[in-house]
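See structure below.
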Amino acid sequence: MLKKFKTKKGKEVSIRYLLKSDTRDLLDVYNSLVDEKSYTVATRKFTLKEEKLFIANSLVKIENGEAVHLVAECNGKTLGIATIEKEISPILEHRGDFGIMLKKEIRGEGVGEELMKTVISEAKKFLKVKMIILRAFEENKPAISLYTKLNFKKVGGIEKGLKHFGKYKNEIIMAKYI
Ligand SMILES: CC(C)(COP(=O)(O)OP(=O)(O)OC[C@H]1O[C@@H](n2cnc3c(N)ncnc32)[C@H](O)[C@@H]1OP(=O)(O)O)[C@@H](O)C(=O)NCCC(=O)NCCS
């Protein structure tokens, strides 16, 4: 385990590396984001088979030093994940691509911030990346506010660059040197 802390509402949360046993809980997290029509990549529900494949690939990447995937666990349930994947090309290998998702019931208690800080610190140590890049829907105010709080700067954007349940939405790109 990497970190244990109490949330703003007093729940005990631990942050650790992804395990195969997280599969069902993370499938639930992902599919609940589809139900919410959240501003994330989750726009189509995954099957258990697809989630198993995703986790298996993620574990290989962690093993190979190509990615850091950390989860947040509370009361024996995995409620969220944050990932940084290293770019493979030699001209991009100093960059890590970031993503995060938490189940609704644990949001707004400081978990996203802790998880993000921890995954960045692990990526700096083990992936040797020098820069974190992320992309977000312009409408995703909670996420953009978290990224801004952690000193990410907007470095670009693509008008109507993302598709959200049939509608084109603006994408913003943020980055931070670490
Ligand atoms: C974005 C997300 C990871 C934030 O995690 P969280 O645990 O809810 O955020 P925290 O409680 O750690 O809050 C940290 C900061 O984020 C910002 N923030 C969080 N929720 C917010 C909200 N509802 N409105 C505005 N700002 C918000 C604030 O700046 C906050 O700092 P503060 O507490 O000092 O005000 C979480 O909302 C989530 O998983 N959302 C669904 C998935 C998603 O959108 N992922 C990002 C895709 S790009």
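Along the sequence shown, the residues carry numbers beginning at 1.
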Please list every donor-acceptor pair under 3.5 Å in which a side-chain atom of residues 22-34 meets a protein atom from a residue at least two apart or in another chain.
{"residue": "Asp22", "atom": "OD1", "partner": "Arg16", "partner atom": "NH2", "Å": "2.7"}
{"residue": "Asp22", "atom": "OD1", "partner": "Thr78", "partner atom": "OG1", "Å": "2.8"}
{"residue": "Asp22", "atom": "OD2", "partner": "Arg16", "partner atom": "NH1", "Å": "3.0"}
{"residue": "Asp22", "atom": "OD2", "partner": "Leu19", "partner atom": "N", "Å": "2.7"}
{"residue": "Thr23", "atom": "OG1", "partner": "Lys20", "partner atom": "O", "Å": "2.5"}
{"residue": "Asp25", "atom": "OD2", "partner": "Thr78", "partner atom": "N", "Å": "2.9"}
{"residue": "Asp28", "atom": "OD2", "partner": "Lys103", "partner atom": "NZ", "Å": "2.7"}
{"residue": "Asn31", "atom": "OD1", "partner": "Phe46", "partner atom": "N", "Å": "2.9"}
{"residue": "Asn31", "atom": "ND2", "partner": "Phe46", "partner atom": "O", "Å": "3.1"}
{"residue": "Ser32", "atom": "OG", "partner": "Asp28", "partner atom": "O", "Å": "3.2"}
{"residue": "Ser32", "atom": "OG", "partner": "Val29", "partner atom": "O", "Å": "2.8"}

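- Hydrophobic cluster membership of Ile91, counting Ile, Leu, Val, Met, Phe, Trp and Tyr whose side-chain heavy atoms lie under 4.5 Å apart directly or via other members: Leu92.
- Among residues two or more places apart in sequence or in another chain, the salt bridge (Lys or Arg N to Asp or Glu O under 4.0 Å) test is passed with Lys8 by none.
- In this structure Lys61 satisfies the side chain to side chain donor-acceptor pair (under 3.5 Å) test together with Glu85, sequence neighbours excluded.
- Using bins of under 30°, 30° to 60° and over 60° for the plane-to-plane angle, the ring pair Phe137/His164 lands in the perpendicular bin.
- Cluster partners of Tyr168 are absent, since no Ile, Leu, Val, Met, Phe, Trp or Tyr has side-chain heavy atoms less than 4.5 Å from it.
- Note that OG1 of Thr118 is 3.0 Å distant from NZ of Lys3, once rounded to the nearest 0.5 Å.
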Lys77 and Glu105: CA distance, side-chain angles, deciding distance, salt bridge (Lys or Arg N to Asp or Glu O under 4.0 Å) verdict: CA-CA 12 Å; Lys77 278 201 87 179; Glu105 67 197 68; 5.5 Å; no

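- Qualifying side chain to side chain contact (heavy atoms under 4.5 Å, CB included) partners for Lys130, counting only residues two or more places apart in sequence or in other chains: His94.
- The structure places CE of Met174 at 9.0 Å from OH of Tyr147, a figure rounded to the nearest 0.5 Å.
- In this structure, the separation between CG on Leu18 and CD1 on Ile62 is 5.0 Å, given to the nearest 0.5 Å.
- To the nearest 0.5 Å, atoms CZ (Arg107) and CE (Met101) are separated by 9.5 Å.
- Here the NZ-CD distance, from Lys4 to Glu73, works out to 9.0 Å after rounding to the nearest 0.5 Å.
- Atom CD1 in Ile133 sits 4.0 Å away from atom CZ in Arg95 (nearest 0.5 Å).
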